[in-house]
Amino acid sequence: MAERKTIAEILKTIFEGRKSKNRSYSSRAFARDLGISPGRLSEIMSGQNIPGTEITRRIVQGLKLNFQDSQWVMDVIRDQKNLHQEIKGARQLAADEFSLIADRKNFSLLCLMETDGFQSDVAWMAKRLRTTKPAVEKILERLMRLQLVQLEDGIYKSLQKDITTSHNVSSDAIRKYHRQGIEHAMESLNEDSIDVRDITSIEMPADPRKINDIRVLIRDFRRKVAGLLEAGDKTEVYRLNIQLVPVTKTSARKGASQ
């Protein structure tokens, strides 16, 4: 068990493996072996439910895993809970929806609408985002088509404060969005005063097996940063980019991820 998946995917793989060896093996029998109800198993395998502490303990015992694999399953469930907390209340865009607004300025405009003193004037928005009026008009049209923005009595309003996408899934659109974010950080490095930005880095010898644990820490850090900045007077729009990338070349770097 090396690749990090969801608990639903793990259980489906195990169930399908057992069923391939015994065609009469049913989901009810699988639930019995795990020590949980068929209904609860169905909820977990469909992704509708993330097991709590007691159900997790039963699943680990029922699967008869060794210590290392038991810890791995518990880490998977912990990560899912953290991710669920992060996106709670957020609208998760489907891949085709996100591909329509993958340009970072779409999200910048949505954030601008949440700032104090926002003006529903295309020229004002273009100036604040350092772009053109036609570009802003296209962005507004696109956001309204996706029902992320509405125009009411001449006032543009954001309909969804928090937006998220698929996680840990390879996507050209998500790569485009991250690429633009990194390029924007490079522009800020050259154009913005050190008083309004903070760009630092650290390079270290590393154990790549701990990357999934680092992802959890980074998610928690992002939430804390957003909460701190949004608690004050929201007059500007900021972007937080965190890049943790391998410097040495390894056999694992064969394909692009998100």
Does [X] reach the side chain of [Y], with side-chain heavy atoms less than 4.5 Å apart?
X      : Y      : answer
Arg78  : Asp213 : yes
Leu140 : Met125 : yes
Leu109 : Val149 : no
Ile10  : Val76  : yes
Ile77  : Val73  : yes
Arg179 : Lys176 : yes
Ile59  : Ile44  : yes

[atom1]-[atom2] distance between [X] and [Y], expressed to the nearest 0.5 angstrom:
X      : Y      : atom1 : atom2 : value
Ile55  : Ser37  : CD1   : OG    : 7.0 Å
Asn106 : Leu143 : CG    : CG    : 5.0 Å
Leu65  : Gln71  : CG    : CD    : 11.5 Å
Lys19  : Ser24  : NZ    : OG    : 7.5 Å
Leu63  : Leu11  : CG    : CG    : 6.5 Å
Arg104 : Ile182 : CZ    : CD1   : 12.5 Å

Tell me whether the count of non-hydrogen atoms from other residues, nucleotides or ligands lying under 6.0 Å of [atom1] in [X] goes above 12.
X      : atom1 : result
Asp153 : CG    : no
Arg28  : CZ    : no
Gln243 : CD    : yes
Glu54  : CD    : yes

Shortest non-hydrogen contact between [X] and [Y], atoms and distance:
X      : Y      : result
Pro208 : Ala206 : CD-O, 3.4 Å
Pro51  : Thr56  : O-OG1, 3.6 Å
Leu41  : Phe30  : CD2-CD2, 3.8 Å
Val237 : Ser108 : CG2-O, 4.1 Å
Lys12  : Met45  : CE-O, 2.8 Å
Ala185 : Asn241 : CB-ND2, 3.8 Å

With the threshold set at 4.0 Å, does a side-chain nitrogen-carboxylate oxygen contact exist between [X] and [Y]?
X      : Y      : result
Glu141 : Lys138 : no
Arg239 : Asp192 : no
Arg40  : Glu43  : yes
Lys105 : Asp103 : no

Between [X] and [Y], is there a donor-acceptor pair closer than 3.5 Å when you use the side chain of the first and the backbone of the second?
X      : Y      : value
Asp69  : Asn66  : no
Asp233 : Thr235 : no
Arg58  : Gly35  : yes
Ser188 : His184 : no

Under a single-linkage rule joining Ile, Leu, Val, Met, Phe, Trp and Tyr whose side-chain heavy atoms are separated by less than 4.5 Å, which residues share a cluster with Ile218?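 Besides Ile218, the cluster holds Ile211, Ile214, Leu217, Phe221, Val225, Leu229, Leu240, Ile242, Leu244.
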
Linking Ile, Leu, Val, Met, Phe, Trp and Tyr by side-chain heavy atoms under 4.5 Å, what else ends up with Tyr238?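 Traced through the cluster, Tyr238 reaches Val196.
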
With salt bridge (charged side-chain N to carboxylate O under 4.0 Å, His left out) as the test, would you mind laying out the steps for Lys224 and Asp220 before giving the verdict? CA-CA 6 Å; Lys224 290 180 179 178; Asp220 185 55; 3.3 Å; yes

Show your reasoning for whether salt bridge (charged side-chain N to carboxylate O under 4.0 Å, His left out) applies to Arg130 and Glu187. CA-CA 12 Å; Arg130 308 178 196 184; Glu187 292 173 6; over 6 Å; no

Show the atom names and distances, to 0.1 Å, of all donor-acceptor pairs under 3.5 Å that link a side chain in residues 115-123 to residues at least two apart or in another chain.
residue: Thr115; atom: OG1; partner: Leu112; partner atom: O; Å: 2.6
residue: Asp116; atom: OD2; partner: Lys234; partner atom: N; Å: 3.2
residue: Ser120; atom: OG; partner: Tyr156; partner atom: N; Å: 2.8
residue: Asp121; atom: OD2; partner: Ala123; partner atom: N; Å: 3.3
residue: Asp121; atom: OD2; partner: Trp124; partner atom: N; Å: 2.8

Joint hydrophobic cluster, Ile139 plus Ile155, side-chain heavy atoms closer than 4.5 Å: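 Different clusters: Ile139 never reaches Ile155 through Ile, Leu, Val, Met, Phe, Trp or Tyr contacts under 4.5 Å.
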
Is it possible for you to say whether Leu146 and Leu151 belong to one hydrophobic cluster, with membership spreading through side-chain heavy-atom contacts below 4.5 Å?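 Shared cluster, yes.
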
